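All values below were derived from every heavy atom in this structure, side-chain atoms included, with hydrogens, water molecules and symmetry-related copies excluded. As the structure is a computational prediction, the values presented were derived from the model and not from experiment.
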Amino acid sequence: MPHAQPLSDFGIETGPRYFFRGHPLKVTRGHPLPLGASRASRGGFNFVLICRHGTSVRLVLSEPCSAEIETEIPLGPRYFRTGDHWHVRIEGLPPEFCYGYRVDGPGGPMHRFDPSIVLIDPASRALSCGRPWGQSRDTTRRSMLTRSLGDRQEDLNPRIPREDTILYELHVRGFTVDPSSGVQEPGTFAGLAEKVHYLKQLGITAVETLPIDEFDEDDCPFVNPLTGERLRNLWGYNTIAYAAIKAAYASRWEGGGPREEFRDMVTEFHKEGLEIILDVVFNHTAEGGEGGPTYNFRGLDNSMYYMLDEQGRYLNYAGCGNAVNSNHPVVRSQILSCLRAMVAESGVDGFRFDLASVLGRDKRGNVLVEPPVIDQISKDALLADTKMIAEPWDAAGLYQVGSFPGGHRWSVWNGQYRDDVRRFWKGDAGMTSALATRLCGSDDLCHGRGPLHSINFITCHDGFTLNDLVSYNHKHNEANGEGNRDGSDGNHSWNCGVEGPTDDPAILALRARQARNLIATLLVSQGVPMLLAGDEFLRTQGGNNNAWCQDNEVSWVDWTLAEKNADFLRFVRQMIALRKRHHVLRRKTFLNSRMSQTPDVVWHGVQPCQPDFSGNARALAFALDGRRGDRPEVDRDIYVAMNAFWEPLDFTIPAAPSGRRWRRAVDTSLASPDDAVGPDQGPVVPVGQAYRAESRSMVILVSEA
């Protein structure tokens, strides 16, 4: 039998050279899988790091949230490396500790090796020095190994069909941090869980959160010129560690507390039949461009993790200084690992991919027909039941609404829907044809994929709130510290006669009516609707349409508005309930309007069967045949009249497709509670007679059972 080669031949001392808390550590070669730090099968901990071009790797060990390094272990490439995996096993460490890596390697324009920096492990599940939001730290954050999560409770994912989904976008902190929220743990996952009953009563089916992975809220360089206040990065689109939960979003912010609290929140949502969808940011990182900080990717393998040109300069397709080389096999494997862990450990129901078109580019920025990372996400077996939503554009002009790779597996944010609906109700002429297309699920954009490919929205975190959309002609971002240059100028908004706050009752009434028109349009459109948190009771940001750095009352949800604007909140609940009652509004297939066949939808104008799609038109009506849905059960017929003109219009009411009597369900010009009523509670509307739709109003009739 040949003798094992002694470790001294590899330059490794076999005596107790390394210590932690005064106790000797046993260092062995370990195993090359799994990535990250994990508990070894026979005791101790196994560490694995991918680094292709590095020539020297040192594992650094320290106490939680301590600047002092307890010990540093060099990993010789001859013994501690398999392929590009550097690995080591250590016995004698406590249950919780911090670690990181120093990496050195070649110079040159493609590399950014700096062994003076302790790097975060890209596979980290937690970072050290968790603190409440905004509390300063004296030490740099490092990777942290915490106790294992217990077994997940036996809650079942709701698995709500896409056609029945109603999304609600919110910010974890901003949703409950205002004292008016009344929760015990404001601004946290626990605080959000306290609002689950409100959300269920509202009628939405899924919450889509802004990013919840680790970022630095203090990385914002701007100051509010009006107050001198240092601004913070509230939204969190500047990732430091993809796999680590944001500690400041947890009331239990130390160690494994954030992951546990997040999972508990998901469980509470599932108990009420609601889904959780996470906004993930795999297109760029917080390391930025030239001169940016180094957290992990830049110092580990710059040329592997980022898109670079031939001179080693960062390609900036995300508009944030760098773009992740997501189609590299190693990088896409790590992306998949993050997604799979969120589903397997916490039961997450889906993901929304920020600037997802960046994921469709190769290492030089060329657009790929079938990007490997998107294909792999689409076909992954563990992710098969999750919802996949893309923001189908990037900062370099690539726009893929309707053409985003991945086919039927994905839905996309439909920016064209937002713009066309806004323009119609703003009063722009000639928008009826475009509006009809959006109401039908955008078959011009989503042809071959169906209406559920379209995520319809009027507002989202990025832009005006619903209230501001009808209260401001122009953005007012002066408080962001960029001279009002940031944020979009193309808002398609209308202030109804006065810019900003007013006491004029006529203007306030018009604004409320316009807001009702927009909500009602969203909820009778084919596709998947998405509401912005607080829009249901007319939250305002004072005209700021880029409030990413406003960690204050500008962005926080003011819950007193739920009582102040209770009539509008009631209207939104009624509209959501109307959508849920009628599957003819939630089709899986496109509407057929061809008159040569029995149509699913018939277009009307002020006169039956005479729609006006001319360049001067500002009114449109249509009727849906409840017998012609794509589900076995028969639904009621629905008639919708939309008048964006500044004068009243008389719509002659056509016969219902099934011949049943019409009853009024919605009239946005009426005062609450008559503006929206329950089934068969509204008055009968006779066929052949004129129904006056007041200026800038919308009417919905529903046939009797």
Name the orientation class of the two ring planes belonging to F457 and W413 (parallel below 30°, tilted from 30 to 60°, perpendicular beyond 60°). tilted
Is there a side-chain contact between L278 and E208, using heavy atoms and a 4.5 Å cut-off? no
So that I can tick it off, tell me whether R102 and E72 are bridged by a salt bridge, with the cut-off set at under 4.0 angstrom between side-chain N and carboxylate O. yes
Tell me, with the steps shown, if L61 and F97 meet side-chain contact (heavy atoms from CB on, under 4.5 Å). CA-CA 7 Å; L61 300 171; F97 57 88; 4.2 Å; yes
Where the side chain of S357 meets the backbone of P392, is there a donor-acceptor pair that is under 3.5 Å apart? yes
Under-4.0 Å salt bridge between E96 and R147: yes
R131/E254 under salt bridge (charged side-chain N to carboxylate O under 4.0 Å, His left out): CA gap, chis, key distance, verdict: CA-CA 7 Å; R131 290 287 186 274; E254 294 178 309; 5.5 Å; no
Output yes when a side-chain donor or acceptor of R485 lies under 3.5 Å from a complementary backbone atom of E482, and no otherwise. yes
Rounded at 0.5 Å granularity, tell me how far CG in N545 sits from CG in D486. 7.5 Å
Does the pair C65/C129 show an SG-SG distance of less than 2.5 angstrom? yes
Counting only N and O atoms by type, is there a donor-acceptor contact under 3.5 Å from the side chain of N302 to the main-chain atoms of Y306? no
Taking C-beta and beyond as the side chain, do Q400 and P405 meet within less than 4.5 Å on heavy atoms? yes
Report yes or no: is the cationic atom of K387 (NZ for Lys, CZ for Arg) closer than 6.0 Å to the six-membered ring centre of F351, at no more than 45° off its axis? no
So OH of Y18 and CG of L25: to nearest 0.5 Å the spacing works out to 10.0 Å
With a 4.5 Å limit on heavy-atom distance, are the side chains of T209 and I277 in contact? no
Using modelled atom types and a 3.5 Å cut-off, is there a donor and acceptor pairing between side-chain atoms of H284 and backbone atoms of N322? no
Quick one: do the E287 and T294 side chains pair a donor with an acceptor below 3.5 Å? no
Under 6.0 Å between ring centres: does that hold for F215 and W235? no
Flag, side chain of T386 to backbone of L383, donor-acceptor distance under 3.5 Å: yes
Which heavy atom in R409 sits nearest to a heavy atom in D385, and how many Å separate them? NH2-N, 4.4 Å
Check whether any side-chain heavy atom of F189 sits under 4.5 Å from a side-chain heavy atom of V172, and report yes or no. yes
Is it true that Y237 and H461 have ring centroids separated by less than 6.0 Å? yes
Please give me the minimum heavy-atom distance between A247 and G130, naming the atom from each residue. CB-CA, 3.8 Å
Among residues at least two apart in sequence or on other chains, which ones pass side-chain contact (heavy atoms from CB on, under 4.5 Å) with P109? none
Sub-4.5 Å side-chain heavy-atom contact between L33 and V48: no
Would you say R21 and L93 make side-chain contact, with heavy atoms under 4.5 Å? no
Using only atom types and a distance under 3.5 Å, with no angle test, would you say the side chain of W410 pairs donor to acceptor with the backbone of F404? no
Salt bridge or not for D264 and R252, using N-O below 4.0 Å? yes
Without swapping roles, check the side chain of H111 against the backbone of F113 for a donor-acceptor pair under 3.5 Å. no
Does R364 come within less than 4.0 Å of E310, counting only side-chain N to carboxylate O? yes
From S411 OG over to R352 CZ, what is the distance, rounded to the nearest 0.5 angstrom? 13.0 Å
Minimal heavy-atom distance between P122 and A243, with the atoms involved, is O-CB, 4.5 Å
As an exercise, state the distance from CD1 of I389 to CG of D354, rounded to the nearest 0.5 Å. 13.0 Å
Determine whether a donor-acceptor pair (N or O, by modelled atom type, separation under 3.5 Å) exists between the side chain of R230 and the backbone of R232. no
Ring geometry between F45 and F47 (parallel below 30°, tilted from 30 to 60°, perpendicular above 60°): tilted
Between K246 and D213, is there a salt bridge with N-O shorter than 4.0 Å? no
Would you say that I90 contacts L59 through its side chain, given a criterion of any heavy-atom pair below 4.5 Å between the two side chains? yes
Taking atom types as modelled, find out whether D462 and W548 have a side-chain donor-acceptor pair closer than 3.5 angstrom. no
Look at the side chain of S128 and the backbone N and O of S143, then say whether any donor-acceptor pair between them is shorter than 3.5 Å. no
Examine R361 relative to Y317 and say whether NZ or CZ is less than 6.0 Å from the centre of the six-membered ring and inside a 45° cone about the ring axis. yes
For residues W393 and Y399, establish whether the separation of their ring centroids is below 6.0 Å. yes
Do the non-hydrogen side-chain atoms of Y99 and S62 ever get within less than 4.5 Å of each other? no
Tell me whether E261 is salt-bridged to R259, with the criterion being a basic N under 4.0 Å from an acidic carboxylate O. no
Are D301 and R298 within salt-bridge range, i.e. N to O under 4.0 Å? no
Regarding D216 and N233, do their side chains bring together a donor and an acceptor under 3.5 Å, going by distance alone? no
What distance separates I240 CD1 from S124 OG, expressed to the nearest 0.5 Å? 11.5 Å
Is R112 salt-bridged to E290, cutoff N-O under 4.0 Å? yes
Under 3.5 Å: donor-acceptor pair, side chain of S555, backbone of A547: yes
Answer yes if the side chains of D121 and N296 hold a donor-acceptor pair under 3.5 Å, and no otherwise. no
Hydrogens and angles aside, do D349 and N157 bring a side-chain donor and acceptor to less than 3.5 Å of each other? yes
In terms of heavy-atom contacts, R125 and A341 come closest through NH2-CB, 3.2 Å
Can we call the ring centroids of Y249 and H171 under 6.0 Å apart? yes
So, for T188 and T176, which heavy atoms are closest and what is the spacing to 0.1 Å? N-OG1, 3.9 Å
Out of curiosity, R173 CZ to L234 CG, how far, rounded to the nearest 0.5 Å? 7.0 Å
